[in-house]
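All values reported here derive from a predicted model rather than from experimental measurement. What you see below is based on every heavy atom in this structure, not just the backbone, and it leaves out hydrogens, waters and symmetry mates.
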Amino acid sequence: MGLLSLGTPLPWEESREYNEHVRQNGISQLLEMVSASFHRKDDKYLWGDEVEYTIVKFEDTQKSAKIAVDKDYILEELNEGGVHFDTVLKNDINFHPEYGRFMIEATPKGPYDGEKLSQYEYVEQNMAVRRVIADKLLPENKLLTITAYPLMGVGQFTSPPTKANSPSSKSLFLGDDVTNRHVRFPTLTANIRKRRGEKVAINIPLYKDSKTPEFDDTLSSSLPRSLFAEDQEPSLGAQIPGHIYMDAMGFGMGSSCLQVTVQAPSLARARYLYDSWANFAPIFLSLTSAAPIFKGFLADQDVRWNVISMSVDDRTPYERDVKPLREGNEHGGLKDLSQIRKIAKSRYDSIDQYLGDITNYEDFAKTGTGAKYGYFNEFLNDINPALNEKVLEQLSSFKSSDGEHFFDRALAKHFAHLFIRDPLVIFNERIHQDNATSTDHFENIQSTNWQTLRFKPPTQAAVPGNVDTPGWRVEFRPMEIQITDFENAAFANFITLLGDAILANDFNFYIPISKIEENMKTAHKRDSTLSGKFHFKKDIKDKLNYQTAELSLDQIINGCDTFVGLVPWVKAHFEEKFNVKLTPQGQYSRLYYYFDLISKRASGKIPTTASYIRSFVISHPDYKSDSKVSETINYELLKKFELITDYKDLDSLVGFFGEELGQYLYANKVHDAKVL
Ligand code: ADP
Ligand code: MG
Ligand code: MG
Ligand code: MG
C-alpha cells in the first residue's frame with residue numbers, strides 16, 4: 001500500500017457522480033505513464049518483499065492472546081517526522097500502514113539488486129532488523145507473522161476490549177476499533193457494503209469432526225442484536241449451514257501475506273514474466289498455506305485467499321448473477337444502466353487474463369497492427385472476463401503524439417478488465433489532478449484490483465535513463481505469511497530467483513487460464529499441498545503445444561520423470577549464475593537451507609504451517625472434537641509461534657521444521673539482526 005492520501009472522502013452518493021471521471025482520468029494517466037516508458041529497456045532485475053505483522057498481546061495469567069488495537073501510534077514514530085525515522089532509514093527499512101489497526105507492514109527502503117548474491121542473504125537480515133526495531137517499541141507486546149489471527153471476532157479478542165459497533169461494516173463481530181483509523185479504511189469498508197447493497201457474507205467450509213456443530217453457532221450467542229437492521233441478515237440466509245460465517249472486511253483484509261515485486265528489463269519481458277508466473281500463484285498459495293482457523297473454528301481449508309475475496313466483494317446482486325436487474329439501489333447507485341454488466345469474480349481474486357508475450361512490440365508501435373506473440377495465443381485466455389468496452393476501444397485506438405501505438409489487444413484487455421470496477425473511495429481534494437504528473441486516479445482503480453499478480457507500470461517520472469524510478473514491475477501476491485524470517489526470506493528469494501530463471505531460459509509455461517482457475521480451487525482444498533493435483537505444463541521446453549499434466553506439488557517442486565522440478569532447476573540456475581555451490585556446511589549454507597525448506601514442505605517431510613496448526617489444535621488436551629479453538633489453545637499456539645519466531649527453543653524448532661532444519665536454525669539463530 002502506498003502512502004495514504006490525506007483529505008476528506010466524498011460521501012458515497014456524491015462520489016458515484018465521479019466514477020466515470022476517475023476512470024477516464026485514470027486512463028489518461030495510464031497513457032501518460034506508458035508514453036513515458038514504452039521504450040524503456042535493459043532495466044535491472046531489482047526486487048523487494050513486503051511482510052505483514054500482527055501485534056499480539058499475551059495475557060499470561062488468563063492464558064489469552066489478543067490482538068492489540070492501541071499500538072498503531074508506533075507507525076507515526078517509525079515514519080517520516082517520527083522520532084525513530086532516522087533509525088528506520090539507516091537500517092534500510094520502510095514501515096507502512098495496513099488494513100488492521102493491529103497490523104503493520106514493512107519492506108526494504110529500496111529494492112534489492114537481483115544481480116548481487118549478497119542481497120539474497122541480506123533480505124533475511126533486513127527482515128530480522130524490522131522486528132527488532134518494532135518489537136523494541138512494544139515491550140508489552142509481540143510482533144508475530146501469522147496469516148490469520150485464529151480468534152478474530154470471538155468474544156473479547158482485542159486488547160484493550162472493543163465492541164462490535166461498527167457503522168462501516170455493520171458486523172456482528174468486529175468493531176471499527178479493529179480497523180486502521182485513517183479515514184480511508186472505514187470508508188473503504190462502508191463503501192464496499194453500500195455498493196454491494198448488503199453486508200459482505202463470507203462462508204468458509206467448516207472442518208467436520210465427530211462433534212462439530214451443523215452450523216456456526218456463534219451467532220446464537222450474539223443474536224438477537226438490535227444495533228443495525230443488518231443484524232437480521234444471517235438469519236435471513238446470508239449464513240450457510242456447515243460453514244464458518246463472517247460478515248466484515250476485517251476478517252479478510254485483517255489477514256497477512258508475503259508479497260514479492262520484481263522489475264523486468266522491459267515492457268515485453270514484464271509481460272512474459274507475468275504470464276509465466278500465473279500458474280505459480282495457486283502452487284505457492286498451497287505451499288505456503290498457513291490459515292486453517294477462522295473465527296475460532298477449524299476450517300475445511302488451509303488458506304486465507306477466498307476469505308479475503310468474499311470480504312471485499314462489492315458486486316451488486318445483479319453483477320453476481322443472483323438477482324435480476326431492478327430499479328433502485330441494487331446497482332450500486334449507478335445512474336447509467338448501460339455500464340452495468342455481470343461480473344464473474346470479486347475484485348480480490350485470481351488473474352483473469354494473460355498479458356501476452358509480445359515479441360515485436362517496437363514494430364507494432366509503428367503500425368498498430370500485426371502484433372506477434374512468442375508462446376501466447378488468444379485461445380489461452382479462455383475465461384472471457386467482463387471488459388470495459390469503452391476503455392478497450394480507447395486504448396486499442398490510442399496513438400501517441402509521435403504517432404505510436406502502445407496497446408495491442410491483449411494489453412488493452414488487461415486494463416479494460418481492471419477498469420470495469422468503480423472507485424471505492426474518492427477524496428474531495430483529489431478529484432481534479434494534472435494527469436501528466438499524477439497517478440492517483442489510475443492507482444485508485446489499479447490498487448483496488450487485488451489479484452494474484454499485479455502488473456505495475458512505471459510512473460510518469462520513469463523516463464529512460466532515470467535509474468532511480470521504478471520500471472515495469474510484476475508483483476507476486478498469493479503467498480501466505482510464514483512464522484519466521486527464515487521462511488519468509490526463503491520464499492521471497494525463491495520467487496525472485498524463479499522469475500530470474502524464467503527470464504533467462506525462456507521456457508513456455510502457458511496453459512489455458514481456465515486450468516489455472518481449477519488450480520486455484522485445488523489450492524483451497526484442505527491438505528492440497530500433499531494431496532492436490534495441479535495442472536502443469538507437460539513439457540516447458542515444448543514451445544508449440546500447451547498440453548498439461550496433473551502433478552502433485554512434490555512432483556512440481558522436487559521433480560519427477562517428466563519435469564526437472566522447480567527446486568533443482570532454480571537452484572542450478574542460482575549456482576550457475578553466481579558460480580557457487582550450495583551445501584549444508586559451505587559458505588552459502590543459509591541459501592542451501594532456503595531451498596531445503598521449500599523442498600521438504602512440498603514432499604511432506606515437514607508440515608506446512610496450516611497442517612502444523614491443525615495438528616496442534618486437534619491433539620491439544622482442551623480440544624473437544626467440535627472444531628472449536630478455545631482461548632487456551634489459541635494462547636498456547638501463539639506462544640509456540642513466539643518461541644519459533646525467536647528460534648529460542650530447540651524442541652519447538654524441531655517440531656516445526658524437522659530434525660535437520662530445526663537443529664540448523666537453533667545453532668544459527670537470527671542471521672545478523674544488528675540495528676544500525
Ligand atoms: P505495494 O503495497 O503497492 O505493493 P510497497 O511499497 O509496499 O508497494 O512494496 C513494493 C515493493 O517493491 C517493496 O518491496 C519495494 O522494495 C519493491 N520495489 C520498489 N522499487 C522497485 C523496483 N524498481 N523494482 C522492483 N521492486 C521494487
Ligand atoms: Mg500489504
Ligand atoms: Mg505494500
Ligand atoms: Mg504489495
Side-chain angles (χ1 to χ4, degrees), residues 20-46 262-275 353-376 378 381 387-419 432-447 449 454-475 503:
E20 195 55 18
H21 169 87
V22 169
R23 270 191 294 263
Q24 275 307 303
N25 286 282
I27 289 297
S28 301
Q29 294 174 358
L30 172 68
L31 291 171
E32 296 277 353
M33 291 152 71
V34 177
S35 300
S37 304
F38 184 79
H39 297 287
R40 214 177 140 126
K41 270 200 200 58
D42 302 326
D43 274 323
K44 266 193 172 169
Y45 193 64
L46 304 179
V262 308
Q263 174 169 287
S266 64
L267 167 59
R269 296 308 274 163
R271 292 173 63 172
Y272 166 66
L273 178 58
Y274 178 98
D275 289 2
Q353 304 178 100
Y354 287 117
L355 284 174
D357 59 342
I358 190 167
T359 53
N360 66 335
Y361 76 123
E362 296 277 352
D363 290 342
F364 172 85
K366 288 181 199 129
T367 61
T369 56
K372 289 201 184 79
Y373 299 100
Y375 309 132
F376 172 71
E378 273 288 345
N381 274 340
L387 300 175
N388 182 328
E389 296 293 341
K390 182 174 166 193
V391 167
L392 182 63
E393 166 56 26
Q394 231 175 335
L395 296 180
S396 302
S397 61
F398 174 77
K399 267 205 222 172
S400 73
S401 51
D402 297 332
E404 288 189 308
H405 302 259
F406 297 140
F407 293 87
D408 53 288
R409 197 166 163 79
L411 188 60
K413 277 169 82 174
H414 170 76
F415 292 106
H417 176 57
L418 301 188
F419 276 70
H432 299 290
Q433 301 171 16
D434 173 3
N435 291 340
T437 56
S438 172
T439 57
D440 264 34
H441 287 321
F442 171 73
E443 282 297 333
N444 194 331
I445 303 293
Q446 158 101 337
S447 71
N449 269 278
R454 186 174 285 158
F455 178 53
K456 296 175 166 175
T459 59
Q460 294 95 323
V463 288
N466 188 350
V467 289
D468 288 334
T469 49
W472 297 97
R473 287 147 300 146
V474 185
E475 182 180 24
L503 288 172

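Across I358 and A371, no two heavy atoms sit closer than the pair CD1-CB, 3.9 Å. Taking both residues in full, the closest heavy atoms of V474 and A270 are given as CG2-O, 3.5 Å, listed atom of the first, atom of the second, then distance. For D275 against L355, the heavy-atom pair with the smallest separation is OD1-N, 2.7 Å.
If you take OG1 on T459 and CD on E443, they are separated by 9.5 Å, rounding to the nearest 0.5 Å. Expressed to the nearest 0.5 Å, how far CG of N388 lies from NE2 of H417 amounts to 11.0 Å. To the nearest 0.5 Å, the span separating CD1 on I445 from CG on D440 amounts to 12.0 Å. Rounded to the nearest 0.5 angstrom, L411 CG and L395 CG are separated by 7.5 Å. The line from CG of N25 to NE2 of H432 is 9.0 Å long, rounded to the nearest 0.5 Å. F364 contributes atom CZ, which lies 12.0 Å from atom OG1 of T359 (distance to the nearest 0.5 angstrom).
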Derivation of the side-chain contact (heavy atoms from CB on, under 4.5 Å) call for F407 and V34: CA-CA 9 Å; F407 293 87; V34 177; 3.9 Å; yes
R23/V391 under side-chain contact (heavy atoms from CB on, under 4.5 Å): CA gap, chis, key distance, verdict: CA-CA 9 Å; R23 270 191 294 263; V391 167; 5.5 Å; no
Chi angles and distances behind the side-chain contact (heavy atoms from CB on, under 4.5 Å) call for T439, M33: CA-CA 8 Å; T439 57; M33 291 152 71; 3.8 Å; yes
side-chain contact (heavy atoms from CB on, under 4.5 Å) assessment of L273 paired with D357: CA-CA 8 Å; L273 178 58; D357 59 342; over 6 Å; no
Worked check of side chain to side chain donor-acceptor pair (under 3.5 Å) between Y373 and D408: CA-CA 10 Å; Y373 299 100; D408 53 288; 2.6 Å; yes
Salt bridge (Lys or Arg N to Asp or Glu O under 4.0 Å) assessment of E393 paired with K390: CA-CA 5 Å; E393 166 56 26; K390 182 174 166 193; over 6 Å; no
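Judged by distance alone, the side chain of R269 and the main-chain N or O of L503 form a donor-acceptor pair under 3.5 Å. Not a single donor-acceptor pair under 3.5 Å links the side chain of S396 to the backbone N or O of R409. Judged purely by atom type and a 3.5 angstrom limit, R454 has no side-chain atom pairing as donor or acceptor with the backbone of E475. One N or O on the side chain of Q263 and one on the backbone of G471 form a donor-acceptor pair closer than 3.5 Å. No side-chain donor-acceptor contact under 3.5 Å links W472 to the backbone of R40. Between the Q29 side chain and the F442 main chain, a donor and an acceptor come within less than 3.5 Å of each other. In this structure, S438 contributes its side chain and D434 its backbone to no donor-acceptor pair below 3.5 Å.
At least one side-chain heavy atom of H441 sits under 4.5 Å from a side-chain heavy atom of H21. Looking at Y272 and F376, their side chains never come closer than 4.5 Å, going by heavy atoms from C-beta outward. Inter-residue side-chain proximity for Q394 and L30 is flagged as unmet; no heavy-atom pair is nearer than 4.5 Å. Put simply, the side chain of K399 does not reach to within 4.5 Å of the side chain of E404, judged on heavy atoms. Using a 4.5 Å cut-off on side-chain heavy atoms (C-beta onward), K413 and L392 make contact. Using a 4.5 Å cut-off on side-chain heavy atoms (C-beta onward), F38 and S400 make no contact. Taking 4.5 Å as the limit, every side-chain heavy atom of D43 sits out of range of all side-chain heavy atoms of P458.
Ring pair F455/H414 is perpendicular by interplanar angle, where above 60° counts as perpendicular and below 30° as parallel.
Legend: residues meeting side chain to side chain donor-acceptor pair (under 3.5 Å) with E362, ordered by chain and number and at least two apart, are H39, K41.
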